Amino acid sequence: MSALTARPTYAALAAFLAGDAVASAIPVPYVAKNMDAMGIPEEVRWAVPVAKAATALGLASVFRFPAVARLTTGLLTLYFAGALGIHLRVRNRIANIVPAVLLLMVFAAMTAQGPHTAGGGVRALEP
């Protein structure tokens, strides 16, 4: 088992994305400025915190539904690939590009490996 396959890693990333969803929903001035720089239209910005909140739930599901958590990491890989493309298209600052690259790599590796489940591949928590 690696750190990327550990269920606490999924939980930590779920908490991170939940906080990021809140920062995007408010929006925090830095986040709003970055969305402006990337050319994200005002009328679709509501979808960003919704998507981040949904992925936080998907990652947190690792304790009961590891397959859902793995699907979520796959979707996050696509999300951050798209985000990286947008950052590069608008020639965003390196400080804004690096997190997208790192998260893309982390979620791609997590998707490839899948979450560590309780012994023998059974659900981590039995009803």
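Scope of the values below: all heavy atoms of this structure, side chains included, with no hydrogens, waters or symmetry mates. Treat the numbers as computed from the prediction; the structure is a model and nothing was measured.
- V106 is listed as a side-chain neighbour of L13, based on a closest heavy-atom distance under 4.5 Å.
- Rounding to the nearest 0.5 Å places CG of L4 at 14.0 Å from NE2 of H116.
- Under the 4.5 Å side-chain contact rule for hydrophobic residues, Y79 and F16 share a cluster.
- Nearest heavy atoms, Y10 versus G114: OH-C, 3.6 Å.
- In the hydrophobic cluster analysis, where Ile, Leu, Val, Met, Phe, Trp and Tyr join through side-chain heavy atoms closer than 4.5 angstrom, L102 is grouped together with I94.
- Annotation: the span from K52 atom NZ to D20 atom CG amounts to 3.5 Å, rounded to 0.5 Å.
- R91 CZ to I97 CD1: the interatomic distance, rounded to the nearest 0.5 Å, is 10.5 Å.
- Atom OG1 of T73 and atom CG of L78 lie 10.0 Å apart (nearest 0.5 Å).
- Using a distance-only test at 3.5 Å, with no hydrogens or angles considered, no donor-acceptor pair links the side chain of R70 to the main chain of P115.
- Judged purely by atom type and a 3.5 angstrom limit, T77 uses its side chain to pair as donor or acceptor with the backbone of F107.
- Residues D36 and R45 meet the side-chain proximity criterion, which asks for heavy atoms closer than 4.5 Å.
- The shortest heavy-atom contact between A81 and L104 is N-CD1, 3.8 Å.
- The hydrophobic cluster containing I40 also contains V31, counting ILVMFWY residues as joined when their side-chain heavy atoms lie under 4.5 angstrom apart, directly or transitively.
- Closest non-hydrogen pair, M38 versus R89, comes out as O-NH2, 3.5 Å.
- Within the model, atoms CG of L59 and CG of L76 stand 5.5 Å from one another, a figure rounded to the nearest 0.5 Å.
- Heavy-atom minimum distance, V62 versus R7: CG2-CG, 3.9 Å.
- Rounding to the nearest 0.5 Å gives a distance of 5.5 Å between NE2 of H87 and CG of N34.
- Under the 4.5 Å side-chain heavy-atom criterion for Ile, Leu, Val, Met, Phe, Trp and Tyr, V98 and M35 are members of the same hydrophobic cluster.
- The closest donor-acceptor contact from the side chain of T72 to the backbone of V68 lies under 3.5 Å.
- Closest approach of P49 to A21, counting heavy atoms only: CB-O, 3.3 Å.
- Counting all heavy atoms, side chain and backbone alike, A100 lies closest to F80 at O-CB, 4.0 Å.
- Note on L84 and V90: same hydrophobic cluster, where clusters join Ile, Leu, Val, Met, Phe, Trp and Tyr whose side-chain heavy atoms are under 4.5 Å apart, directly or indirectly.
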